[in-house]
Amino acid sequence: MTLRVYNTLTRQKEDFKPKQPGKVGMYVCGPTVYKPSHIGHMVGPVIFDTVKRYLTYLGYQVTWVVNITDVDDKLIVRSKELNTTVKQLAEQMTADYLDCLKQLNVTGIDLMPKATEHIPQMIEIMQGLIDKGYAYPAGGDVYFDVTRDEDYGKLCNRDPEQLEAGARIEVSAKKRSPGDFALWKGSKPGEPAWDSPWGPGRPGWHIECSAMSMKYLGQTLDIHGGGLDLQFPHHENELAQSESYTGQPFANYWMHNGLLKMGQAKMAGSVGNVVNIADLLQRHSAETVRFLLLNTHYRSPIEYSEERLAEVKRSLDSFHRFFERFARITGQNFLALPVRKSDELKLSGPLQESVSPLQRRFLECMDDDFNTGGAVGVLFELLTVLNRFADTAKLEAEKTEPALTEFINGVLVLRSFSEILGLFWQAQAQEAGGNTQLVNGLMQLLIDLRAEIRTEAKGVADKAQKGKLFALTDKIRARLAELGVTLEDRPGGTGWRLG
RNA sequence: GGCCCCUUAGCCAAGUGGUAAGGCAGUGGAUUGCAAAUCCGCCAUCCCCGGUUCGAAUCCGGGAGGGGCCUCCA
């Protein structure tokens, strides 16, 4: 099997081949840290985290870099509004971003360089571009000259002439052509500024990504990722300046993730329909959110709504019920199981016949341009197979070998796959919370009393009497249901859960 | 005006030439004292029209509807 990746540059799926065998350098555009993160900001990180997880699973050594843009016009404006400094605002919002990543189980980022800490590298590139005639200083600014770059527009299929024709932007008088973009912006008094050969100023939007990606991953990246909305102008300009500077291909594979949709429109600060992550995580578990993002193919828009989240939560619940069932049968915690590669797991017996095709299909999905939506579907099928096996083998009642070992091996496959997707890393809130010693004790009391009545009822011959006793046990269950507690009479005894 | 993309059941969503994964909801059954949970079954011919092909949701042309980018945006 070969991993295939859709490359925006060529608009087709290509076999994935890193420039250095066994190693992958991946760069993904990170946030401008001027406001708390909204859920749209997490689409890219969750997807590329999964990309890294799968590449790692395949045996690649992946280095993943995400930049932090900590100087920019928006930061300057916002810091004035809040009566704070750009630096302080950036630090606060960076902390917020990092917290969001952590909560969503985005664990794969190796480096998060900051723009303000790489000014010298940017100046070096700008000077090089000026020396080669690709850029020109003008009144304290430095601009990239798009007319000098012969293949400018190749990523987004844009023609500088057309840009000119359709330009709605106010063209700065300093620019030679309307499509030229700023590499360096001369500063006004009171704005953050760094010294440069062209006077005090700050970097333009695109140059930092070229400087930092090259510093940490070399002149040619294997994968460059980002949101679809960054294709133009950001990635186009990054590409233009980088390749003009090095004469080398900047990125071999450009991957763009779809945007989050609220109803018909995308979610974005500019549309004003953003959902804060901190707020969101008050209402839904991080796992539900991550699952929602992975349920759709990464290049498609993702449907976001409270109803969708509730729906996704319901489907996820069946996994957690299974984890509890697994614990009942084996005494082991699913979340603590060791992660092993699926093809290293030796399955045998009847379970193998149902699991093997699923193993194959899961990996085929991931190989096909990281089709997490399809892979998730396989995960559900695996769940059904495992439940069916536990039913058929009567594992809860008998726990006989070799069925038990077979079962555990099957569950290890589920564990392996959920690790690739980064799912199921924490107990559900209701499992962790609520179950205090007192509550557990009280519940056990009710369950025991009810069990006694049930046993008695079953032994009573008189129909009226029997009905009376059962009515009582049902009343206990109904009253608990009103409190949000569900009783489950299983073969091995009665259990309870919230919800 | 230019450049991209999308349209699959009530809803969400895989599938890009060989006869429609999965989830939610619904529904019939097994199981249960009754439930819950679990399992089994049912539930779409793929926006419309035309073409290519032995064969198309999948390719081509036209139409309708929707979205993204061209300005900051993950």
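The structure presented is a predicted model; accordingly, all values stated were derived computationally and were not measured.
- Going from the P atom of B:U8 to that of B:A14 covers 11 Å, rounded to whole Å.
- Counting non-hydrogen atoms under 4.0 angstrom, A:Met42 reaches nothing in the nucleic acid.
- Using a 4.0 Å heavy-atom criterion, one finds that A:Thr384 contacts the sugar-phosphate atoms exclusively.
- Look at the P atom in both B:U7 and B:C34: the space between them is 47 Å, to the nearest Å.
- Residue A:Lys458 has a polar side-chain atom (N or O) positioned under 4.0 Å from OP1 or OP2 of B:G33.
- Judged by atom type and distance alone, A:Arg454 reaches the base of B:G33 through a side-chain donor-acceptor pair under 3.5 Å.
- Between B:U58 and B:U19, the two P atoms lie 15 Å apart (nearest whole Å).
- Taking atom CZ of A:Arg299 as the reference point, atom P of B:C4 lies 16 Å away to the nearest angstrom.
- Looking at the side chain of A:Arg158, the nearest of the listed nucleotides B:C70, B:G15, B:C24 is B:C70.
- Of the two residues contacting RNA chain B, namely A:Arg308 and A:Ala268, the nearest-nucleotide position lying further toward the 5' end is that of A:Arg308.
- Here B:C46 sits opposite no nucleotide as a Watson-Crick or G-U wobble pair (both hydrogen-bonding atom distances under 3.5 Å).
- Under the Watson-Crick and G-U wobble criteria, each requiring two contacts below 3.5 Å, nucleotide B:G41 is paired to B:U27.
- Counting only N and O atoms by type, the side chains of A:Thr50 and A:Arg290 include a donor and acceptor under 3.5 Å apart.
- Under 3.5 Å, the side chain of A:Asp73 and the base of B:C72 form no donor-acceptor pair of N or O atoms.
- The side chain of A:Ala265 lies closest to B:G68 when the candidates are B:G33, B:G68, B:C4.
- Salt bridge A:Arg78/A:Glu81: present, at least one basic N to carboxylate O contact under 4.0 Å.
- At the heavy-atom level, A:Gly373 lies under 4.0 Å from base atoms of the strands shown.
- Remark: P of B:G23 and CG of A:Leu423 are 16 Å apart, rounded to the nearest angstrom.
- Nearest to the side-chain atoms of A:Asn387 among the listed nucleotides B:G23, B:U38, B:G33 stands B:U38.
- Residue A:Asn67 contributes atom CG, which lies 11 Å from atom C1' of B:A74 at whole-angstrom precision.
- Listed nucleotides B:G33, B:U38, B:A74 differ in distance to A:Thr473; the shortest reach to its side chain belongs to B:G33.
- Considering only the side chain of A:Arg497, B:A37 comes nearest among B:A74, B:G33, B:A37.
- A distance of about 44 Å separates the P atoms of B:C72 and B:G18, rounded to the whole Å.
- Between the side chain of A:Arg11 and the base of B:C4, no donor-acceptor pair of N or O atoms lies under 3.5 Å.
- A salt bridge links A:Arg477 with A:Asp474: the distance from a Lys NZ or Arg NE/NH1/NH2 to an Asp or Glu carboxylate oxygen falls below 4.0 Å.
- In this entry the distance linking CG of A:Leu294 with C1' of B:G22 reads 15 Å, nearest Å.
- Rounded to an integer number of Å, the gap from NZ of A:Lys266 to P of B:C6 is 19 Å.
- Closest approach to the A:Arg314 side chain among B:G68, B:A25, B:G15 is made by B:A25 (side chain taken as heavy atoms from C-beta onward).
- At the heavy-atom level, A:Gly377 lies under 4.0 Å from base atoms of the strands shown.
- Taking only side-chain atoms of A:Lys74, from C-beta outward, the nucleotide of B:C72, B:U16, B:G67 with the closest atom is B:C72.
- Nucleotides B:G15 and B:C49 place their C1' atoms 24 Å apart, quoted to the nearest Å.
- When the options A:Asp367, A:Asp368, A:Asp15 are evaluated for a salt bridge (Lys or Arg N to Asp or Glu O under 4.0 Å) with A:Arg4, the one that passes is A:Asp15.
- Counting non-hydrogen atoms under 4.0 angstrom, A:Leu260 reaches a base of the nucleic acid.
- Among the atoms of the strands shown, only primed sugar atoms or phosphate atoms (P, OP1, OP2) are found under 4.0 Å from some heavy atom of A:Gln264.
- Side-chain proximity of A:Ser315 to B:C69, B:U38, B:G23: nearest is B:G23.
- Nucleic acid contact for A:Arg4: none, since no nucleic acid atom lies under 4.0 Å from a heavy atom of the residue.
- With B:C12, B:U38, B:C4 as the candidates, the nucleotide lying closest to the side chain of A:Glu311 is B:C12.
- Stacking between A:Phe470 and B:G33 is shown: the ring centroid lies under 5.5 Å from the centre of the six-membered base ring, and the planes differ by under 30°.
- Distance check on atom C1': B:A64 versus B:A36 gives 48 Å, rounded to whole Å.
- For the residue pair A:Thr69 and A:Glu208, a side-chain donor N or O sits within less than 3.5 Å of a side-chain acceptor on the partner.
- Residue contacts shown for A:Gly44 are absent, as no nucleic acid heavy atom lies under 4.0 Å away.
- Within the 4.5 Å cutoff, the side chain of A:Leu446 has no heavy atoms near those of the A:Arg450 side chain.
- Atom CD of A:Glu303 and atom P of B:G67 are 12 Å apart (whole Å).
- At a cut-off of 3.5 Å, with distance as the only test, no side-chain donor of A:Gln92 or A:Asp96 sits close to an acceptor on the other residue.
- Between the side chains of A:His206 and A:Glu236, no donor N or O sits under 3.5 Å from an acceptor N or O.
- For a distance-only test at 3.5 Å, the side chain of A:Gln231 fails to qualify as a donor-acceptor partner of the base of B:G68.
- Picking from B:A36, B:G33, B:C40 the nucleotide with the shortest atom distance to the side chain of A:Arg388 gives B:C40.
- Across all strands shown, B:C34 forms no Watson-Crick or G-U wobble pair with both distances under 3.5 Å.
- In this structure, B:U71 forms no base pair with any nucleotide, since neither Watson-Crick nor G-U wobble geometry is met with both distances under 3.5 Å.
- Base-pair partner of B:G65: B:C6 (Watson-Crick or G-U wobble, both distances under 3.5 Å).
- Within the 4.5 Å cutoff, no side-chain heavy atoms of A:Leu260 are placed close to those of A:Met42.
- For the C1' atoms, the distance from B:C40 to B:G67 is 41 Å, rounded to whole Å.
- The shortest distance between the side-chain N/O atoms of A:Asn371 and the OP1/OP2 oxygens of B:A14 is not below 4.0 Å.
- For B:C34, neither phosphate oxygen OP1 nor OP2 lies less than 4.0 angstrom from any side-chain nitrogen or oxygen of A:Arg477.
- Among the protein residues, A:His297 comes within range of the sugar-phosphate backbone only, with heavy atoms under 4.0 Å from sugar or phosphate atoms but none that close to a base.
- B:U58: no Watson-Crick or G-U partner with both key distances under 3.5 Å is found in any strand.
- Spacing between B:A35 and B:A56 at atom P, rounded to whole Å, works out to 48 Å.
- Nucleic acid contact class of A:Leu230 (heavy atoms, under 4.0 Å, all strands): sugar-phosphate only.
- A:Leu316 has its CG atom 14 Å from the C1' atom of B:C12, to the nearest Å.
- Residue whose closest nucleotide on RNA chain B sits further toward the 5' end, between A:Ser318 and A:Glu381: A:Glu381.
- Interface remark: the A:Asn295 side chain does not form any donor-acceptor pair with the B:G23 base, using a distance-only criterion of under 3.5 Å.
- No donor-acceptor contact under 3.5 angstrom links the side chains of A:Asn105 and A:Thr107, judged on distance only.
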